[in-house]
Protein chains: 2
Amino acid sequence: MGRPRRPSLADVAARAGVSIGTVSHVLNHPERVRAATRLRVREAIAELGFVRNANAHSLAGGGARTIGLVIPDIGNSLFVDIARAAQERALENRTSLLVADSNNDDALQDRHLEFFASARVSGILLAPMRDPGIAVRRVRRLGIPVVLLNYAWDDDEHCSVVIDNRRAGELAARHLLELGRRRLAFVGGHDELQPVRDRREGVRSVVAASRGLATLVEIPTEDLVATGGVHAAAALLGLPDLPDGVIAVTDLLAMGLLQTLVQHGVAVPDDLALMGSDDNASAWGGSVPMTSVQMHGRALGAAATALLTEEMTDADHEHRRVEVAPTLAVRESTAGRAPADA
Amino acid sequence: MGRPRRPSLADVAARAGVSIGTVSHVLNHPERVRAATRLRVREAIAELGFVRNANAHSLAGGGARTIGLVIPDIGNSLFVDIARAAQERALENRTSLLVADSNNDDALQDRHLEFFASARVSGILLAPMRDPGIAVRRVRRLGIPVVLLNYAWDDDEHCSVVIDNRRAGELAARHLLELGRRRLAFVGGHDELQPVRDRREGVRSVVAASRGLATLVEIPTEDLVATGGVHAAAALLGLPDLPDGVIAVTDLLAMGLLQTLVQHGVAVPDDLALMGSDDNASAWGGSVPMTSVQMHGRALGAAATALLTEEMTDADHEHRRVEVAPTLAVRESTAGRAPADA
DNA sequence: TTGAAAGCGCTAACAT
DNA sequence: ATGTTAGCGCTTTCAA
């Protein structure tokens, strides 16, 4: 009892019979210490179970080697992909990646930002659902680099990596038109969400360009997961004329649609071609593999981390915006059996 | 230019015309400060964009109010559920939840543990895939409480919250037997993974108890996601006698199986009843909703956080083990249309 | 090669 | 109610 918890540098130094400065050296500049001493110190560290206090380390000027990632939804595979790739890139630079989920809550997002800021992380990756507003400015004022992910925000204060969501919508609509579908529907979300808005714009523009060849009906949903799809399917079925080509703004939504439509005897893709976007890893596991617009989350995460790393290290860094192009993954839900899958 | 970055308490104090101690007080014990002064200080804080340095805060003895969660796979919905519930509970106590994904890599898991230890977080939730070994002991020696999630480790040094995986296996096997299935198959994973082992034991015990009524074939897979299921389906189809009841150790695996089996003309559930476990949110979105053993990740996460919080605050804390009972969610993949779904 | 000492930004006594 | 000051554990000159 009473044995000092949390051994400090001083404890290690005492045990190894050296000064505290020497211990610090074997931690940070081992080459400046004689091999024998180094060994002795390392033994003391092991025996004491010493773990360097990162707070003191950081306070005293040691580099932070931590980056924070703030995502709106840890259940969304796009952000999972982003996180995975970001972590891989971060580890290559010997830095840790911490993930904070803001659960689509702006206040929580701000809390997380503030937290990372107060922890003085070396950089932040932020994937906001809405305008991150002043919170992100606060962070920047502290000199902590922030890279915006998946959100187009026009100012030149930070780098950003975005998906061309408009193009995603265009790809989807064009695909259905090429399959001969004419009565299109766009299912998804509220206007408040930029990616939803952009994808819908893309769809609209293609339909508009068809000069009356195709029609478009838009069905908003409360959420972007399977439940929303189930409700939207009911709305579709209530239409006087069932669409023959449906674009869901997320794969989960498409899954919910699929399930309900099939239960009501609608043949997919014969009666109705259905597609999602995001290329959710789980979406292609169903019995009708889902056509989707791939968003390349891994590319997003990797690019963002690269930008952040550059900003963290290069003194003369110029803010840039990287666009990741979506691509089409054609599967059974639009193309039928024997699809030209990737 | 050269205006001092990262305003400190001293800067705020100077700007507000008070002492540094006063500023600290408005941060930590606002009631001890006259309203007018408080206001002045808060204005200075806002104008300067001051964000308290958590490192210094923690160093000087301020509570950490952070808990770290280490999970093996951020793509697994069980851990996503755990993380969500843990975050909710943590927020109720005004503490932040940081997630680190160890990507099924023991070395990375240790790194994350070490990181949280060095950051002197107030507690750690650890969901290990294998024996966390000495790394977790290191953390404990620092006096940081650790709660083990989803892993039964017999020692009395920490609390743990576990799923009764054996029971999960039993539930699954019993369900299939009750449906009249006799030729069972268990698909999934290597022996190295405790949850897999336990679930299989549960299945075996039920089959054994049937006294020859039922048979069981076991099919290992390389991974626990859809790909593994696709391969396993091939193995199933190659069997002299196709099983009529298949238990996949994860839902993703079951999804892969389903897709491939259906493509080969096997009717689910008529020819073959198929079920998974974990109750992956996305699994029930397919056109054949998947029967699954629900693992109640949210309950796990909530219980673990509660235990951790207790250990963090109560001086006289007794380590406990909480068991969360799995339950059956019967859906179409075993019961056919009009299932008795929850 | 090693030791001594001055902070880093903050909290919490203790004074006033 | 507010100011002063001694650390917290570490890094980093600077001296020895």
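Each chain gets a letter, A, B and so on, in the order its sequence line appears, and its residues count up from 1. Predicted, not measured: the structure shown is a model, and the values here were computed from it.
A 4.0 Å heavy-atom criterion places the boundary nucleotides of DNA chain D facing chain B at dA1(D) to dG9(D), written 5' to 3'. In the 5' to 3' direction, nucleotides of DNA chain C lying under 4.0 Å from heavy atoms of chain B begin and end at dG9(C) to dA12(C).
Counting non-hydrogen atoms under 4.0 angstrom, Ser58(B) reaches nothing in the nucleic acid.
Using a distance-only test at 3.5 Å, with no hydrogens or angles considered, no donor-acceptor pair links the side chain of Arg94(A) to the main chain of Leu91(A). A donor-acceptor pair is defined here as one N or O able to donate and one able to accept, closer than 3.5 Å; no such pair exists between the side chain of Ser58(B) and the backbone of Ala54(B). No donor-acceptor pair closer than 3.5 Å links the side chain of Asn103(A) to the backbone N or O of Asp105(A). Side-chain atoms of Asn53(A) come within 3.5 Å of backbone N or O of Asn55(A) as a donor-acceptor pair. Checking side-chain atoms of Thr22(A) against main-chain N and O of Val18(A) turns up no donor-acceptor pair under 3.5 Å.
Between Met129(B) and Gln109(B) there is no side-chain heavy-atom pair separated by less than 4.5 Å.
Screening residues 16-31 of chain B for salt bridge (charged side-chain N to carboxylate O under 4.0 Å, His left out) gives no qualifying pairs among residues at least two apart or on separate chains.
Against DNA chain D, the stretch residues 47-57 of chain A makes heavy-atom approaches under 4.0 Å through Phe50(A), Arg52(A), Asn53(A), Ala56(A), His57(A). Remark: Gly21(B), Thr22(B), Arg32(B), Val33(B) in residues 21-33 of chain B come within less than 4.0 Å of DNA chain D through at least one heavy atom.
Comparing the axis of the opening five pairs of the helix from dT1(C)-dA16(D) to dT16(C)-dA1(D) with that of the closing five pairs yields an angle of 40°, rounded to 10°.
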What's the verdict on side-chain contact (heavy atoms from CB on, under 4.5 Å) for Leu307(B) and Arg320(B), showing C-alpha distance, side-chain angles and the deciding distance?
-> CA-CA 8 Å; Leu307(B) 285 174; Arg320(B) 276 177 290 151; 3.4 Å; yes
When you look at Arg111(B) and Asp106(B), which way does the salt bridge (Lys or Arg N to Asp or Glu O under 4.0 Å) test go after all the steps?
-> CA-CA 9 Å; Arg111(B) 266 193 63 151; Asp106(B) 283 332; over 6 Å; no
Which is it for Glu47(B) and Arg141(A) under the salt bridge (Lys or Arg N to Asp or Glu O under 4.0 Å) test, yes or no, and what are the steps along the way?
-> CA-CA 11 Å; Glu47(B) 290 164 5; Arg141(A) 278 179 70 181; over 6 Å; no
Report the C-alpha distance between Glu310(A) and Arg89(A) in whole Å, list the side-chain angles of each, state the deciding distance to 0.1 Å, and finish with yes or no for salt bridge (Lys or Arg N to Asp or Glu O under 4.0 Å).
-> CA-CA 12 Å; Glu310(A) 184 188 309; Arg89(A) 283 292 176 290; over 6 Å; no
Take Arg15(B) and Glu43(B) through the salt bridge (Lys or Arg N to Asp or Glu O under 4.0 Å) test and state the conclusion after the steps.
-> CA-CA 9 Å; Arg15(B) 172 132 197 162; Glu43(B) 276 170 358; over 6 Å; no
Check step by step if side-chain contact (heavy atoms from CB on, under 4.5 Å) holds for Val51(A) and Glu114(B).
-> CA-CA 8 Å; Val51(A) 176; Glu114(B) 172 113 10; 4.0 Å; yes
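Side-chain polar atoms of Ser77(A) and Asp81(A) form no donor-acceptor pair below 3.5 angstrom. A donor-acceptor pair shorter than 3.5 Å cannot be found between the side chains of Asn104(B) and Arg130(B).
A residue-by-residue look at Ala60(B) and Val18(B) shows that Val18(B) has its nearest nucleotide of DNA chain D further toward the 5' end.
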